[in-house]
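Not measured: the values here are computed from a predicted model. First the proteins, then the strands, lettered A, B, ... as listed; each starts at 1.
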Amino acid sequence: MDMKSVEKKWQTKWEKSKINVFNKKNADKKLYVLEMFSYPSGANLHVGHWYNYGPTDTYARFKKMQGFEVFQPMGFDAFGLPAENYAIKTGIHPKDSTEKNIATMETQLRNMGAMFDWTAEIKTCEENYYKWTQWLFLQLYKKGLAYRKEALVNWCPDCGTVLANEQVIDGQCERCNSVVLRKDMTQWFLKITDYAEELLSDLNKIDWPEKTKLMQKNWIGKSTGCEINFECETGDTITVFTTRPDTVFGVNYVVLAPEHPLVEKLKAAHPERATAIDEYVRYASEANDIDRMSTSREKTGTFTGAYAIHPLTNKQIPIYLADYVLYSYGTGAVMAVAAHDERDYAFATKYGLPVTQVIQKVGGETVLPFCEDGILVNSGAFDGLSGDEARDAIAVHLTKIGKGGKKVNYRLRDWSVSRQRYWGAPIPMIHCPACGVVPVPEKDLPVKLPYDVEFRPNGKSPLASNEGFMKCTCPNCGGKATRDPDTLDTFVCSSWYFLRYPEAKNDKQPFSKEIANKMCPVDVYVGGSEHACMHLLYARFITKALRDMGYIDFDEPFKRLVHQGIILGPDGNRMSKSKGNVVSPDKYVNEYGSDIFRLYLMFGFSYTEGGPWNDDGIKSIAKFVDRIERLVRKSTEKTTASHNDKTSAEKQLDYAKNHAIKAITRDVELFSFNTSLARLMEYVNAMQKYDADNEVKNVAFYKTCVEDLIRMLTPFAPHLSEELWEITGHKSSVMEESYPLVDEQALIKDEIEYAVQVNSKIKAKMMIPESLSDEDIQATVCAYPEIAELLEGKTVKKCIIVKGRLINLIIG
RNA sequence: GCGGUCGUGGCGGAACUGGCAGACGCGCAAGACUAAGGAUCUUGUGGGUAACUCCAUGCAGGUUCAAUUCCUGUCGACCGCACCA
């Protein structure tokens, strides 16, 4: 079969019949199947795209044949750094290169033959989309979920620009490998931390891979502990956070992060330490990410000269600065318990500070630092309590005396969304000298991204140098004002796109509440696991925020999530141009066609595992397809020899068919495409055997077997199946057929083969009638000559029967 | 360092809630049809052994009538987080 022309033929027919377009009339049976949209980076689809989209399309088609009204849209995550970097290198404008790439990728995606509903296409870089991304930002601002603050950003001194976190690889610039520095800049943040608890607890509600849920859980990083106040000699209070209030009697010193605001006051109170403090603060601020983040780095710090008062013992506690304490977590200050914390122990040992043991190991010698739970000692009234008891009792006591109390902290930080980059959605904010920060009125959206901009990096936002863009009037007072020169992180664009698809052309709203509630959440979302703590977390946050603002009624964007595995290069490494191990799908698609290529992707790998590319098997898939074609063509030949009853051969074939239907129906649901195809192959083998062995067939029965085969194959090889369906004399599309249902009757066998074990070793196999009771089975087995021989002179102590599988006789 | 996933033939990979390990396919071998076959079909194929049988799911133990599956330890690969108090 000439797959090229067959594919073209059916793609054209599908296009004409609008079979892939979602039919709103059937919305009550909707199933929203979504693949993560692509970034239009290169011109051609790579194996990863195919591996994501091909098998998922099979799932979608399968569900459609089961009667669901499937909505499977496709679009492009078109803003972002690669296009801009490419522009910096080549001078080709990001808009031009992106549009060109999209055009090519669209063609390739159409040639793939997936049932994407192209009427719902989205491109995030188009005005009719980013207008609503800006609208989203304004709603978050109104709700108090977007705010501005000074923060440290990644700064590449060689490129002279700010880098996104994703552009920093192991503390280095991904482009020039310079060590990235930290720089203070005023940035927009989204308050994802407001949703930390719900983002954590709602993980229980969603059908996602456990691994991904765990990654989000760790990323959110809830820790339950206690805040404790230390009165400082300056009259200020240092609040520390600890998960180990049970060790509070062992506090040897208090540590502030070098960025802590109290540092200035302490310095003023202790001029003799001013030089040392200044030096240390400078040292800490100059440390780059690699050094600062390394756990093996030697602890450093300096004494402030000041003391705090221990809230329970009233002892004087020295206050230190050290950069192993992070300003951005908790209160930016900790109580150091050298005896029971490895870091504090290392620091105390280095600076000759005392180490006070307050926890004793249960059953064994206590070796310091001892960081596990034990029994309290040297802790006044709390002596003898265990860890849990002590943590509770001490927290309660601290609350009573007003020196602290229980507290929950999260590791999750607010989401920094300002990018000093050109190719993104402009932040719809205006800076007015008189009124301050003023949001752009919604009626003025979109804030258009100008085309003529010098986007080569010079350390400032590219838009800042574009006067036409920057100059504006304040919507509040009408005076001269300037626009925010930054653009939004592209993850903002992709945090809500699934809401837009059902109404991609709506020019009045981003989406309507009614349709969003009907179409969403996404029923099955398929994409790579690398987005676990970025896109997938952001989308959950935005969904919850929109719900709280009353725009939608559901809590979670993606009900079920599946990650495809990664196809590696033939050498077992990740595909990369520099390694020269990139496999291009085009070569195979041209040679074998899109159906065979996707069949091979499904058959050759375990979908969620992926693995090294190997094309040995692709020919075998081509052979498999040939066999089916021959079988189908032969079945259409005129034959007069027929009979109407069901012989045992037909019963066997019927069994094989229904066995395959049952297994495939179960396995496709689990995204287990390789086993689904294995069952389909078994069925084809059974048909071949029947065809070869039976000159005289039950023609009517065989015809349904052939037609069911085509139906069963349709989601896996849609073009081929349409062609075969036509060959068997049908005028309609096979995609309008129902997926065959299991006839359970056909699966009932008169006799089942049992494995017979004696003392857990297999001794025989025998056929046993289905209907026998356990007693009868045992009697039958014991009477079987081979077994009876082994039983001679022994008694059967126990007989274990696993219905339909195995019998184990324990004798002695 | 912490957390997680995974180790099965020459290869890709199967094995539902513990129940006949190796489904399906590749490769390989033999045969058939052939002038020929890189086409097609048939048969065989975990390892050792002449055979009865024995040994096999990274390694070492344990639980069980029964372990690829559960538990403990250990080695290796991969992924995520990483001074989070």
### Query
In residues 606-614 of chain A, which residues come under 4.0 Å of RNA chain B by heavy atom?
Ser606(A), Gly610(A)
### Message
Just to verify, which of Tyr607(A), Phe673(A), Phe671(A) counts as forming a ring-ring contact (aromatic ring centres under 6.0 Å, His included) with Tyr51(A)?
### Response
Tyr607(A)
### Message
Going by side chain to side chain donor-acceptor pair (under 3.5 Å), name the residues that satisfy it together with Asp388(A), two or more places apart in sequence or in a different chain.
### Response
Arg391(A)
Extract from the structure each pairing of a protein N or O with an N or O of nucleotides 40-42 of chain B at less than 3.5 Å, listing the distance.
| from | atom 1 | to | atom 2 | distance (Å) |
| --- | --- | --- | --- | --- |
| rU40(B) | O3' | Arg630(A) | NH2 | 3.4 |

### Query
Reading nucleotides 63-73 of chain B from the 5' end, what letters show protein touch, with B for base, S for backbone sugar-phosphate only, - for no heavy atom under 4.0 Å?
--BS-------
### rC59(B) and rC75(B), which share atom name P, separated by this distance in whole Å
15 Å
### Task
Only stems of 3 or more consecutive Watson-Crick or G-U pairs count here, both distances under 3.5 Å; name the ones for RNA chain B, or none.
B:1-7 with B:75-81, B:10-12 with B:24-26, B:27-32 with B:40-45, B:58-62 with B:70-74
Name every donor-acceptor pair, under 3.5 Å, that has one atom in a side chain of residues 797-808 of chain A and the other anywhere in the protein, sequence neighbours excluded.
| from | atom 1 | to | atom 2 | distance (Å) |
| --- | --- | --- | --- | --- |
| Lys803(A) | NZ | Leu772(A) | O | 3.2 |
| Asn808(A) | OD1 | Ser760(A) | N | 3.0 |
| Asn808(A) | ND2 | Gln757(A) | OE1 | 3.4 |
| Asn808(A) | ND2 | Ser760(A) | OG | 3.3 |

### Task
Would you indicate what Leu214(A) reaches in the nucleic acid, counting non-hydrogen atoms under 4.0 angstrom: base, sugar-phosphate, or nothing?
sugar-phosphate
### Query
Looking for any heavy atom pair under 4.0 Å, which part of the strands does Arg574(A) touch: base, sugar-phosphate only, or nothing?
nothing
### Task
Round to the nearest Å and state the distance from Lys765(A) atom NZ to rG19(B) atom C1'.
13 Å
### Query
Does Asn674(A) place a side-chain N or O at less than 4.0 Å from the phosphate oxygens OP1/OP2 of rA14(B)?
yes
